[in-house]
J.: 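Quick one: the structure is below, and I'll ask about it shortly.
As the structure is a prediction and not an experimental result, all values here were calculated from the model. To find a chain, count down the sequence lines: A is the first, B the second, and so on, and within it residues start at 1.
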There are 2 protein chains.
Amino acid sequence: MILVVDTHSGIPVYRQLVDQIRFGVASGLLTAGEEIPSTRALSASLGVNPMTISKAFSLLEEDGVLERRPGRPHVVRARPDRATRLEQLEQALRPVATKVRQLDLETDAAITVFRRLLENRKKR
Amino acid sequence: MILVVDTHSGIPVYRQLVDQIRFGVASGLLTAGEEIPSTRALSASLGVNPMTISKAFSLLEEDGVLERRPGRPHVVRARPDRATRLEQLEQALRPVATKVRQLDLETDAAITVFRRLLENRKKR
DNA sequence: GCAACTGTATTACTTGACAAATACACCTCG
DNA sequence: CGAGGTGTATTTGTCAAGTAATACAGTTGC
């Protein structure tokens, strides 16, 4: 998988890496057990400090996306089970549910907006 | 309306104020045209600098929640029209739609989670 | 007009976030 | 065992975010 970063985008480098690796795993470009390039290899190819790469990896490890092995490169972890993924989605949706209430919008309207976004993305 | 802040909560003071005022407006405790206590009054009662209060008010003003009047306290603005509120919800839902894809979850599962959250909150 | 209020522009200070430099511990293979 | 790789703990430096001090401009009521 090719990882790229734009240090002028205003988005922290580590966040760009997290996003790309997450996307790689979700899209099937990266499969369980597959090795991620080392912090030093990416540091050389992307021109950023290894600790910056390491930060991205640490976050992905905390989230269960990557697995760390002492002295060896990180590997992609088996995808969390469905229940865990649903729980993660719920965490992401909680503040939005609060927002729906703040905006005084009805449940069905909110559902419609969400569905439209989800289906638009599927079509792309 | 009573506003409170906890300076040790780790949540920035201005953000606590923004959240409380938003909630006050959404819940009907604060109505359109109603005056918000002045930056100096809140500064005295909450023990924070007026500029911190002002920052909260500025954000709420940008978001169309409050209206500023030179030499006079802020007032609650008439609620944005429905289309604007729906647009705000869509902005909040966009990253979540991305997350659904990353988690490789189906639209219907995501909708179910969202609906459950919205209806749980309604019951409280 | 002035006192007493209003909000905030500007500047300064403190704390948090981000990124990098350095050195340590671990692993694999010849 | 040692060379060549692995990740990261720790510290440092820079920049961004959060907060405060000060003074200015605007409003209202007496």
Side-chain angles (χ1 to χ4, degrees), chain A residues 1 3-22 24-25 30 32-77, chain B residues 1 3-22 24-25 30 33-77 95:
Chain A
M1 181 181 182
L3 294 168
V4 297
V5 293
D6 173 4
T7 54
H8 294 99
S9 68
I11 299 176
V13 167
Y14 79 92
R15 187 159 298 285
Q16 291 180 53
L17 293 173
V18 164
D19 289 346
Q20 287 177 53
I21 291 172
R22 276 185 183 285
V25 170
L30 291 172
E34 190 171 343
E35 280 191 357
I36 302 293
S38 74
T39 52
R40 287 185 175 83
L42 285 177
S43 170
S45 65
L46 301 178
V48 300
N49 188 276
M51 286 310 298
T52 305
I53 316 281
S54 184
K55 175 156 189 174
F57 288 175
S58 290
L59 288 175
L60 290 163
E61 186 192 338
E62 279 173 30
D63 284 354
V65 175
L66 296 186
E67 182 176 348
R68 178 182 54 155
R69 304 167 304 168
R72 306 211 56 183
H74 281 79
V75 294
V76 178
R77 215 176 214 160
Chain B
M1 179 178 183
L3 294 169
V4 297
V5 293
D6 174 4
T7 55
H8 293 98
S9 70
I11 299 175
V13 168
Y14 80 93
R15 186 157 298 285
Q16 291 179 54
L17 293 173
V18 165
D19 289 345
Q20 286 176 55
I21 292 170
R22 276 184 182 287
V25 170
L30 292 172
E34 192 171 341
E35 279 191 356
I36 303 292
S38 74
T39 52
R40 287 183 175 82
L42 284 176
S43 169
S45 65
L46 301 178
V48 300
N49 189 274
M51 286 309 297
T52 305
I53 317 282
S54 182
K55 175 157 187 171
F57 288 176
S58 290
L59 288 174
L60 289 164
E61 187 192 337
E62 278 171 31
D63 284 353
V65 176
L66 296 186
E67 182 176 348
R68 177 183 56 156
R69 304 167 305 170
R72 307 211 53 183
H74 281 80
V75 293
V76 179
R77 214 175 215 161

J.: Kindly indicate, with the supporting measurements, whether the criterion side-chain contact (heavy atoms from CB on, under 4.5 Å) is fulfilled by Val76(B) and Leu66(B).
T.: CA-CA 5 Å; Val76(B) 179; Leu66(B) 296 186; 4.2 Å; yes

J.: Taking the minimum atom-to-atom distance to the side chain of Met51(B), which one of dT10(C), dA20(C), dG7(C) wins?
T.: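 Ranking dT10(C), dA20(C), dG7(C) by closest atom to the Met51(B) side chain puts dT10(C) first.
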
J.: Would you say Arg69(B) reaches dG26(D)'s phosphate, i.e. side-chain N/O to OP1/OP2 under 4.0 Å?
T.: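 So the side-chain polar atoms of Arg69(B) never come under 4.0 Å of the phosphate oxygens OP1 or OP2 of dG26(D).
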
J.: Rounded to whole angstroms, how far apart are CG on Leu42(A) and C1' on dA20(C)?
T.: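 For the pair Leu42(A) CG and dA20(C) C1', the rounded distance is 16 Å.
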
J.: Where the side chain of Pro70(B) is concerned, which of dG26(D), dG7(C), dG7(D) is the nearest nucleotide?
T.: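 Among the listed nucleotides, the one closest to the side chain of Pro70(B) is dG26(D).
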
J.: Would you tell me if any nitrogen or oxygen in the side chain of Tyr14(A) comes within less than 4.0 Å of OP1 or OP2 on dA19(C)?
T.: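 No, because none of the side-chain N or O atoms of Tyr14(A) sits under 4.0 Å from OP1 or OP2 of dA19(C).
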
J.: So what does Arg15(B) touch, heavy atoms closer than 4.0 Å: a base, only the sugar-phosphate, or nothing?
T.: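 No contact at all - Arg15(B) keeps every heavy atom at 4.0 Å or more from the nucleic acid.
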
J.: Looking at dT8(D), I'd like to know if its phosphate oxygens (OP1 or OP2) sit under 4.0 Å from a side-chain N or O belonging to Ser54(A).
T.: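 Affirmative; the distance criterion is met.
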
J.: Expressed in angstrom and rounded to an integer, what is the separation of Leu66(B) atom CG from dG7(C) atom P?
T.: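 Distance check: Leu66(B) CG to dG7(C) P gives 11 Å.
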
J.: Classify Ser38(A) by what it touches in the nucleic acid, base, sugar-phosphate, or nothing, heavy-atom distance under 4.0 Å.
T.: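 The residue Ser38(A) makes sugar-phosphate contact but no base contact.
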
J.: Round to a whole Å and report the spacing from CD of Glu67(B) to P of dG7(C).
T.: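 Going from Glu67(B) (CD) to dG7(C) (P), I get 13 Å.
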
J.: Taking only side-chain N and O atoms of Asn49(B), does any of them lie within less than 4.0 angstrom of OP1 or OP2 on dA21(D)?
T.: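 So the side chain of Asn49(B) is within the cut-off, an N or O lying under 4.0 Å from OP1 or OP2 of dA21(D).
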
J.: Once you round it to whole Å, what is the distance between P of dA9(C) and CZ of Phe57(B)?
T.: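 Value for this atom pair: 15 Å.
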
J.: Rounded to the nearest angstrom, tell me the gap between atom CD1 in Ile11(B) and atom P in dG18(D).
T.: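 Going from Ile11(B) (CD1) to dG18(D) (P), I get 12 Å.
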
J.: Counting distance only, does the side-chain N/O of Ser54(A) pair as donor-acceptor with the main-chain N or O of Pro50(A) below 3.5 Å?
T.: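 No; judged by distance alone, with no hydrogens or angles, the pair does not exist.
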
J.: dG7(D) P sits how many Å from Leu17(A) CG, rounded?
T.: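 So the CG-P distance, Leu17(A) to dG7(D), works out to 13 Å.
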
J.: Is it the case that the base of dG26(D) and the side chain of Arg72(B) share a donor-acceptor contact (distance under 3.5 Å, atom types as modelled)?
T.: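 Counting by modelled atom types and ignoring angles, no donor-acceptor contact under 3.5 Å is found here.
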
J.: If the cut-off is 4.0 Å, is Lys55(B) near the phosphate of dT19(D), judged by side-chain N/O to OP1 or OP2?
T.: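 Negative; the distance criterion is not met.
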
J.: From dT8(D), dG7(C), dT19(D), pick the nucleotide closest to the side chain of Pro12(B)?
T.: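 Within the option list, the nearest is dT19(D).
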
J.: Give Glu35(B) one of three labels, base, sugar-phosphate or nothing, depending on what nucleic acid heavy atoms sit under 4.0 Å from its own.
T.: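 Counting heavy atoms under 4.0 Å across all strands, no contact is made by Glu35(B).
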
J.: In whole Å, I'd like the distance from the CD1 atom of Ile53(B) to the C1' atom of dA21(D).
T.: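 Whole-Å distance recorded here is 15 Å.
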
J.: Atom CZ of Arg40(A) to atom P of dA21(C): distance rounded to whole Å?
T.: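 Taking atom P of dA21(C) as the reference, CZ of Arg40(A) is at 13 Å.
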
J.: Test side-chain contact (heavy atoms from CB on, under 4.5 Å) on Ile36(A) and Leu30(A) and set out the steps.
T.: CA-CA 9 Å; Ile36(A) 302 293; Leu30(A) 291 172; 4.0 Å; yes

J.: CZ of Arg69(A): more than 12 outside heavy atoms within 6.0 angstrom?
T.: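 Count over threshold, so yes.
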
J.: Could you tell me whether a side-chain N or O of Asp63(B) sits under 3.5 Å from a main-chain N or O of Val65(B), the two making a donor and an acceptor?
T.: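 Judged by distance alone, no pair lies under 3.5 Å.
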
